[in-house]
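These notes concern the structure reproduced below.
None of these values were measured; they are calculated from a predicted model. Throughout, a chain's letter reflects where its sequence line sits, starting with A, and its residues are numbered from 1. Note: hydrogens, waters and symmetry copies are ignored here, and every other heavy atom, side chains too, is used.
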There are 2 protein chains.
Amino acid sequence: MRIGELAEATGTTAKTLRFYEEAGLLPPTHRASNGYRDYGPDAVTRLDFIRRGRAAGLTLAQIREVIDIRDTGQTPCSHVHALLTIRLTDIDRQIADLQGLRATVARLRDEAGQANPAACDAEDVCRYL
Amino acid sequence: MRIGELAEATGTTAKTLRFYEEAGLLPPTHRASNGYRDYGPDAVTRLDFIRRGRAAGLTLAQIREVIDIRDTGQTPCSHVHALLTIRLTDIDRQIADLQGLRATVARLRDEAGQANPAACDAEDVCRYL
DNA sequence: CTGAACCTTCCAGCGCGGGGGAGGGTCAAG
DNA sequence: CTTGACCCTCCCCCGCGCTGGAAGGTTCAG
């Protein structure tokens, strides 16, 4: 299949597919005699894999890591497990950070009171922040 | 005070201060006869304001908005209130997104099982993702 | 024959918040 | 007199994940 068909089949764009190839996420594929890229059906599988990784919040670099391991013939499962564990820790930290931030912002806002310009003093400062 | 002193006093760098001036967050300041920037003590106040805004997750553009309102002589309080309300909504959405993502990633990881290479098939896919 | 819809490469830019380093002036101490 | 610590402007670069556009080749329908 050609790049446009693959793009449509996987819900992405030809631009992105060329970018993925450049980034090492898709192997350089066979070219037809006219120079057009010619993809087999496994390209769809690989792109689905990439899409799922993205949806799990993995970076392209992390996904490429997994692909590289697999391409050396190893089973990347334990690596994926470790990656997802790290990702979970990250997410938990982000949630905790955001919850702390939420409390701070809520406090600042509630101290303000919507129509209380007196809380702004004459200096270069708004006491809300 | 000179730019390096101001940087040290506010826990930032001279580079960043020049960048803030360029971005309209710091007013172009008085220059000494040798061309060096010469800051008064209110620069520290303004930088603290900027730092607090950053800590609340506001973008430089949002902080500049507030500063611009204040610099036209108005009290930016109700604007700040609105800004923080929007920011709260954003944070809540981010937290919800992350909690959904956390559930997804945790499920993927727990399906994997740390030492279960059988979950990797021979195709270009790891069933964990 | 012409036009549209594909494809190719290469180069540029976004948004965000700066950082690196070149190439040069200035100033005080030793 | 020199050394070192500052300061100045200028322009380019980072990560991240693409996206847009120019300039050209190919293929197919009408």
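For the pair E22(B) CD and dT9(D) C1', the interatomic distance rounds to 11 Å; values are reported in whole Å. Between the CD1 atom of I3(A) and the C1' atom of dT9(C) there is a distance of 12 Å, rounded to whole Å. If you measure from atom CZ of R51(A) to atom P of dG17(D), you get 16 Å, rounded to the nearest angstrom. Rounded to a whole Å, the CZ atom of R64(A) is 12 Å from the C1' atom of dG17(D). Rounded to whole Å, atom P of dT19(D) lies 11 Å from atom CG of L17(A). One interatomic measurement links the two molecules: CZ of F19(A) to P of dT9(C), which rounds to 16 Å at whole-angstrom precision. R37(B) has its CZ atom 14 Å from the C1' atom of dC6(D), to the nearest Å. Spacing between atom CG of L60(A) and atom P of dC18(D) amounts to 6 Å, rounded to whole angstrom units.
Atom CG of D68(B) is separated from atom NE2 of H79(B) by 9.0 Å, given to the nearest 0.5 angstrom. Rounding to the nearest 0.5 Å places CZ of R93(A) at 12.5 Å from CG of L88(A). Distance check, rounded to the nearest 0.5 Å: OG1 of T10(B) to CG of L6(B) gives 4.5 Å. If you take CZ on R37(A) and CD1 on I3(A), they are separated by 5.0 Å, rounding to the nearest 0.5 Å. To the nearest 0.5 Å, atoms CD1 (I50(B)) and CG (L58(B)) are separated by 11.5 Å.
You'll find the side chain of R64(B) stays beyond 4.5 Å of the side chain of L60(B), heavy atoms only.
Under 4.0 angstrom from either OP1 or OP2 of dG19(C) there lies at least one side-chain N or O belonging to T16(B). For the pair T13(A) and dT19(D), the criterion of a side-chain N or O lying under 4.0 Å from OP1 or OP2 is met. Taking side-chain N and O atoms only, R31(B) has a distance below 4.0 Å to OP1 or OP2 of dT9(D).
Between the axis at the start and the axis at the end of the helix from dC1(C)-dG30(D) to dG30(C)-dC1(D) there is an angle of 30°, using five pairs per end and rounding to 10 degrees.
Heavy-atom distances to DNA chain D give each of N34(A) and T12(A) a nearest nucleotide, and the one nearer the 5′ end belongs to T12(A). Along DNA chain D, the nucleotide closest to Y20(A) and the one closest to S33(A) are compared, and the more 5′ of them pairs with Y20(A). Comparing K15(B) and R54(B) by the nucleotide of DNA chain C that holds the closest heavy atom to each, the one mapping nearer the 5' end is R54(B).
Heavy atoms of R18(A) sit under 4.0 angstrom from at least one base atom.
Of the candidates T12(A), L47(A), I63(A), Y20(A) forms a side-chain contact (heavy atoms from CB on, under 4.5 Å) with just one, namely L47(A).
Side chain Y36(A) to base dG25(D): a donor-acceptor pair is found below 3.5 Å.
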